[in-house]
Every structure is written in structure tokens, then in C-alpha cells.
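Below, read A as the first sequence line, B as the second, and so on, with proteins coming before strands; counting in each chain starts at 1.
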Amino acid sequence: MRRLVNWLASPAPIFYLLPPLMLLIAAGTVAQKYVGLYVAERTIFSSTIIWLFGYIPLPGGFTLMALLSLGLCFKFLFKSRWERSRFGINLAHFGVLVLLIGGLISSLLGEEGFASIPEGEQVSGLRDYHTRELMVIKDGNIIATLNPATLKAGVVLKDSAFPFTLTVVDACRNCRISSPAQMSDDLRGVALSIKLTPTELMKNDESNTGGLTFTISGVNAETDGRYILFEDGPPTQLGPYTLAYSKQLRSLPFSVKLVDFVKTTYPGTDTAKAYHSDVVITDGALSWPARIAMNAPLRYRGYTLYQSSFMQAQDGKEITVLAISRDSGQYLPYAGTFIMALGLLLHLFLRKTQVGAV
Amino acid sequence: MKKLLLTLALLLCPLMAQAEDTRLDLSSLAQIPIAEEGRVKPLESFARHVLLRLSGREDGAMRWIASVMFNPASAPEQRCFRINNPHVLAALGTSARRDKTYTLGELAEGLSKTADQAEALSRKKPADLTVDEQALLELHTNILLYGQIIQSLSLVLPLPTLVPDDLQTGLISRPSYLDALRMEPLAMEKLRSFIDNVTPETMTRDQAQLAGFVFTLQKLRESGQNNQTLRVIPSSWKSDWLSPWAVLLSGQGSPQTSQLLREWQNLANAYQHEDAAAFNTHSATLLQKTLAAQSESNLGARLQAERLYYSLHPYLAASLLLGFAGLLALLRFEKAGRMVLGLGTLALITALSTRIYILQRPPVGTLYESVLFVALIVALTALAMSFMAKARGLQAGGSFASCMLITLAPFLLNEGESLGVLSAVLNTNLWLTIHVLCITAGYGACILTATLAHVQLATDKARSLTPHLHRLALLALLLTATGTLLGGVWADQSWGRFWGWDPKENGAMIIVLWLIWLLHGRMGGQLSPRAVTAGLAALAVVVAQAWFGVNLLSVGLHSYGFITGIATALFTFTALDLALIALLWTLSAKREKLHATA
């Protein structure tokens, strides 16, 4: 046991863990080009196990970084000698540990999403980048939410909260919308004018349009039939019930109204020089103006709002896209960076000059 | 395109075509400010950029642009279109010439034949175009640009038609569009009085002349409608620059802009009359008046600095000096080598400082700039360390590495313009400065480390890790690690996440991990000193992959000439360097064996 602890606290684990970590980062970087960042992150960088060719288990990024952190902790507990010449290098290692812990906290507790706000409008929620949801709404209240990722052809949904039975005919994570090949009597709503066919997933997960073809039964002859619902498309009305499909919406403890979006370009070009959004924040009875600019985010109540992008609506109205994140570990990387840099700097000057003392 | 050719034909009807006058002093004209690609630059930079784009060369750019602008009649005869692609030549029906450059006149027929094809291509996504299609489209786009320049001053040049005698109210013998504008209402009135009662056959000579006059004015106006390229007139109403035609047609004129247009007219007249004295006086006045009419600070001095920057070829000087310094160190003239290394570094510092002054921002916004900056760091560190101790290998290696980087830099330029503006996310001086300077300094330290490691691997020093190499490796680790993490801080400030597994971030992280791995392997005893030295030598490959390799990744699958060239160069460098390291390792091991048996 003692030998194992000694070994874990020595530089050896670093020596054996870093090559696979470097390979993993390189592989994940190349993979991004083919499968997009979202998939690469889930299956390589932030995974615990990577299944090579589907059946060979390899340690994922998460596992490797956890092992590195463990080694570092052991080093501090059992190995670090706190003498003058070692002070810098110990501090640098501590900085790395702070960074790794910060990364862990961010990945476990962090929350991120976006809000697109047209000029003159107000929002009090943020949408997730990836998680989609299927909502059953009655009288403006959400009475049931379902994860569309679990819906596959043949799945039957029945719940006491709503009086109908929903049977999934087809579900696609990225659908192509086209005109229906043939008409039939059981088509209802938008299903009369379109059909969905699964198509190749986009590399950028946000750009995928999820959709669902389903039948409703158990209401009445007029309502029962085949429906289509797709992401950010028109909702399905079933009497007093509404079905909607969109990126998951989470509420914010305050609201943001976009007053004006301004894009400055370099003279005579379309190249953007800077963007900013002038907003009004309302929290309870209080409201005040604020500016969110590129490289100058707004921080409030643990949330940080960044100028991410912008769009132009068909009516010419500008729409700002704000990235919103909440991260309890946000300042740990800052601290880690500072401690590590300081440690390495001190080490350059304090270390013993004999060769081999690293 | 057909319309353009027609208008060009009208404009170019050879009222005059003189040989250019070599007594003309183009220096003031070269310094006239012009807005292009988001930046105000001297006309000479614009001319170089355009000529490079059209013909692949940039010498004589000022004489070329003066002739095209002031004497459009000479434009069809200028051999300034370079066509390398044989399929494009075949499509145009033009026979190939050895120097691959052609005149507009030679290409005109082929251009009109392929105009529809080019128009269809322009609607396709660039990624879907084949190399041949891209070349054809590029030629047509270049012709459009040329057309814009030819017509840019057509409003102040003498009209390409005779003015009816009864409209001449003043003493102007050959009025320009600008002069003729006030004759237009009267001309229109006269034209209306007879136009319905005559046919082209029954028109008298005077009537035909009047109709021709009105038609020419309308045609010129039409062609000036979208003429936005030569943005040399500062707007009086907002901080923007307008082309002469835009000033006139967009209603943004003022007494000031009208004065400037008159000066352009005087200059054009002087050029056409080969009146060198008048040309030199008017170009100086025009420069002075333009600078007075705009609001940017120090623009005059910056324009001068830019002309100097381009004309002195500071990078050529720096690379020659550094190469020479490396040679001197190699031949054991260490002191002289150090002095020349100092001079080369100074030349590089001067060039980069001038760049900062011209662009008013840190010099590390593009790949090209960062390579130059890294070259400076390598040279500076080698210079500093050569003072600390006897380090011939370091001095020679550093000088050569820096020289190579400077030589490599121009190949990373996309379109010839080496002084460019920054995209919005980079346009933030604080984070850009701290993060990018730190990480590129780290790359510099890495390259120097790798160079020294190569040198040591080739000598007996590989048996132990020398203090120099160790210190350099630590410096490289400090700078790359801090730079990478500061990039996280910047990303957190800008995009809301500290780490996003972006290819560029990952590349930098692999460099850091590689250094950490080598240092820990050395300490833990898993790696021999020779292995560590070889690993540090391979740092050059790791840096090249992280720095350029990831850039290739992000451009997608379509390989254009520029990117293909870089990819091949990167692959060749990686293979050659790894082979060299393996060879040096084997030789070093053999030497040690011999040493041991001896």
C-alpha cells in the first residue's frame, strides 16, 4: 500500500498518463472536424471511457484528468518538501490542482445557454444549447415535459395529466422538411403540408432540427390522427392542450430587455469592428440600463451575460444573441492560472542550478 | 460583365493616349490616403495590393495606377493580368504566352464569351468550385476591380465626346463630367425639342452631337453608380471615406469635397498634358488638403511610415543579418556574430514597432504577424542568453531559426495585404496583448529550445541535460502554460467559457503537456538525458503542428493552392525533422559507445 501511495505521489503517474492524454486531445481535435465539437466533447474530452471501434475500452479524458488530480493530491500530502528551492515548483503544482478542481466544479455545476432577444422585447429565461424538450401546455402552464431523445418509433405515451395517447411514428434528431408524397385522411395540422425525413446530423449540434411524427388517439374523430412537430416549428393544438418542441427553456431570476443592438464596422467594409447590446435589466421592482459588449460581459446574480452573436429578422429588426452562463467555479481557473504562473516564475529563479533538479 | 465591357469601350475611345512622363514625381500621390479593407492607407499600398492581386508582382505599382486612373485609354494595353491556369486560357480562347501576363484588350473577347459562365459561378458556394472554376471567377472579379479603377476618376477626366458648341458657356476647352453637369439641363431641353420628330437618319450633325453628349453623360453616371473602390475623399458628415463618384451621386458633397474633386481634376489634367511642374504642385496640394479634411490622428505621419515600411524591405534586411550572424557564430566568430545578431534583432524591432505605429495595435493578430513576432522572441532570447554564458550553439541556432521564420512568414499571407484589420473578437487590446504576446513568446522559446536541442544532440553534450537547455525548456513551459491559460481567461471574458476544447487551445495544451512530460520523465528517471534532449528537439514539430496544423484543420476539406502548399510544407518539415532527430540520436549513441570502449 505504502509503495502504491509513494508511486502515485511520484512523477511516474504523470509520465504514464500524459502520453494518452496528449493522444486523446489530438484525436479529439481531429475528430471535431468530422463529428463536431459537441460529439467530440461528449465522447472523447469529457468521457470516462472511450469505446474504440465499439468494444475496446480506453480511459476517457475525464478519467485521465481524475487520475492526474489524484496523483497531484498524493504529492501534496506525502511528497512535497516545502523548502525554499522547491517553493516555486510546489506552488506551480498547486496552481495546476486548483485548475483541475475548477474544471471539475465547472463541469459538474456549471450551467450555460443562450437567449436571443429581438429589439424592444424582453426575456426572462435562457435556452439550453443541446437539450431539447417536448412540452404539454395547458392554460399557459407546462403540465408535462418529455425528453425527445428518448422517443423512438413505437413509443406510446399515456399520462393522467392529459387525456390523449401519443404514439411515436417516427423521430429524428435532424429532420429534413419536405412536401408529403401522398395525402391521407388522418393527417392533421402541419402534417397536411409537410413531412419529416431523418437526415444526416450537423456537426454543430445547435443547428440540428429535431422533429417528431406521431399519432394522437382517444380524443375524438376530428382530433385523432397523425401530427408533425419540429423544433421551433408551429405548436400542435389539441383542444385546450398545446404540444411544443424546442430547446430546453430555464428561467432566469431577472429579465433582460433589448433596447438597441449596435454593430460597428470598419469603414467601407462589412467586417465587424465591435458589437454591443444596450439592455434594461429588471429584477423585481428594480430596473436599470446596462451595456453588454464583445469582451465586456455583464455579471449579475451569479450569471454572466456575453455578447455572442446577432441575427436580422425578416422584418429588418435586429436580434441579439447573448450567451448566458452560471459557474460557481468561475474564478478558480483565474486563481489557478495566477498561482501556476507565479510558481513557475519563482522556480526559474529559486531552483537549485544543478542539472536534473526539475 | 457585358455591360461593363461596353462602358469600358465607350470610356476608352482613344481621345488621348500618351506615353507616361518620367519627370512626374509620384511621391505625394503615393501618399494620398485611401480607405481599403477597413483601413486608411497610402495610395501606394493600395496600388501594390491591387497589382499583386492582378499580376502577381508589385513593382512599378504607382506608375501603373497613375496611368490607369488618369489615362484610361492606356488601360487595355497594360499587361497586368496573370493567368496561370491553362484551362482558363482555353475557355477564353487566348493562346498562352511565356510570361503568362495578358492585356485587357487581348482578353476582352474571351471575357465576354465566358461572362455568363462566370456569373453562374459567382452564385455557387466557394467550397463547391473546382480549381479551374475558381480561377475563371477570380479573373472575372479582377476584371471588375480593374474596371472600377479605370472608371474611378471618369467624372474629372475630359469627356470622351465632343461638346456641342452652343452649350459651351465658359472657356473650358475639354470639359469633364463635373463641368458638363451644369450644361445638362439645357442640353436635355434642346434634345426634347426635336427628339420626337427625328430619326437617326434624319438628324443633323449638331443634333447627333447633342444626343451623343446627353447619352455619354447618362452612361458615365450609370457606370459611376457602383464605383466605390477608390475611396480617397474623406466624408464631411461621418468618419468614412468615399469614392469621387459616391461623393457626387450619394449627395454627400460639401464645399470641402468639391475642392478635393477639383484638385483631382487639376492633377488629371496635368498628367494628361505631361505638365510635370503642375502635376507635382497639384499632387502636393491634394495631399495636404485631403489630410486637412480628415479626422484621424497622425494620419500623415502614419502614411509616411507605411510607405517607408514597404520600401525599405526591413524583413529582408533582418533575415540577411540574422543568417549572417548564424554563419559567423558557426565559424567561431562569436563576438562579431553577436553584434550582427544584435543588428538583425534591431532591424526586426524597428519593423515591428513601425507596424504597431501604423496599425495602432499589437502586432499579433494574424498568423503572419505571430510568425514575425516569434522570430523576434527567438532572436532576442538567443541574444540575451549569448551574453549570459558561452553559448555558441544557442547563438548560431537562434540566429538561423529566427532567419528561417522571417523567410517563412510571407507564405502565410492570404491575399497580399500584410497590414490588416482585426476581427471584432480580437479587437480588444488588453487581452489580445497579454494572452497572444505571452503564447507567441512561448512559441519563440520553444523554437529556440528545439534548435539548441538539435545542436546538442549533434554534439557530445547530449549525454547530460545542459543548464542552458534546461533553463530554456522551463522558460518555454512558463510562457506557453501561462499564455494558454491566459487564453482561457480571455475566452471566459469574451465567450463565457474558460476552456472549450477549441483546436487552437488544444494545440497549445499539447505543447505544454509535452514539456511537462519530458521534464517529469527526466526527473522520474524514465527518460535518459539523450531522450529528453531528443524530445526537446521534437518540440519544433509539436509547435509546428499546434501552430499551423490546427489552422489547416479548421479550414475544412477543400484544399486551395495556399493551404495545400502549407500542408505539404508542414508534412515535409515534420518528416524531415523527425528523421534528422533519429539520425542525430543514433550518431550520438554510437559516439558514446565508442567513448565507453575507448
Would A:Phe15 and B:Leu527 count as a side-chain contact (heavy atoms from CB on, under 4.5 Å) if you check the C-alpha gap in whole Å, the side-chain angles of each, and the deciding distance to 0.1 Å? CA-CA 9 Å; A:Phe15 180 79; B:Leu527 292 174; 3.5 Å; yes
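Contact annotation for B:Leu475: both backbone and side-chain heavy atoms come within less than 4.5 Å of a heavy atom of chain A. Neither the backbone nor the side chain of A:Ala40 comes within contact range of chain B, judged by heavy atoms closer than 4.5 Å. Contact annotation for A:Ser325: only side-chain heavy atoms (C-beta onward) come within less than 4.5 Å of a heavy atom of chain B.
The NE2 atom of B:His520 sits 11.5 Å away from atom CG of A:Leu17, with the distance rounded to the nearest 0.5 Å. Once rounded to the nearest 0.5 Å, the distance linking CG of A:Leu345 with CG of B:Leu474 reads 11.0 Å. The structure places CD1 of A:Ile14 at 8.5 Å from CE of B:Met523, a figure rounded to the nearest 0.5 Å. For the atom pair CG of A:Leu23 and CD1 of B:Ile510, the computed distance is 8.5 Å after rounding to the nearest 0.5 Å. Atom OG1 of residue A:Thr29 and atom NZ of residue B:Lys504 lie 12.0 Å apart, to the nearest 0.5 angstrom.
Chain A forms more heavy-atom pairs under 4.5 Å with one residue of B:Thr482, B:Asp492, B:Leu513 than with any other, namely B:Asp492. Contacts with chain A were tallied for B:Leu242, B:Leu518, B:Leu485; B:Leu485 has the most, counting heavy-atom pairs under 4.5 Å.
Below 4.5 Å, heavy atoms of chain B meet heavy atoms from A:Met65, all part of residues 60-75 of chain A. By a heavy-atom distance cut of under 4.5 Å, A:Leu99 are the residues of residues 95-106 of chain A near chain B, going up by number.
Here the side chains of B:Trp501 and A:Ile25 are in contact, with some heavy-atom distance below 4.5 Å.
Around atom CZ of A:Phe76, more than 12 heavy atoms belonging to other residues, nucleotides or ligands sit under 6.0 Å away. Annotation for A:Arg299: atom CZ counts as buried by contact number, over 12 foreign heavy atoms lying within 6.0 Å. For A:Phe338, the CZ atom sits in a loose shell: 12 or fewer heavy atoms of surrounding residues, nucleotides or ligands are nearer than 6.0 Å. When the shell of 6.0 Å around OH of A:Tyr129 is examined, it contains more than 12 heavy atoms from other residues, nucleotides or ligands.
Residues that satisfy the side-chain contact (heavy atoms from CB on, under 4.5 Å) test with A:Leu344, not counting sequence neighbours, are A:Ala92, A:Met340, B:Leu477, B:Leu478, B:Ala481. For the salt bridge (Lys or Arg N to Asp or Glu O under 4.0 Å) test, no residue two or more places apart in sequence or in another chain qualifies with A:Arg42.
Considering every non-hydrogen atom in both A:Gln32 and B:Asn506, the closest pair reads NE2-ND2, 3.7 Å.
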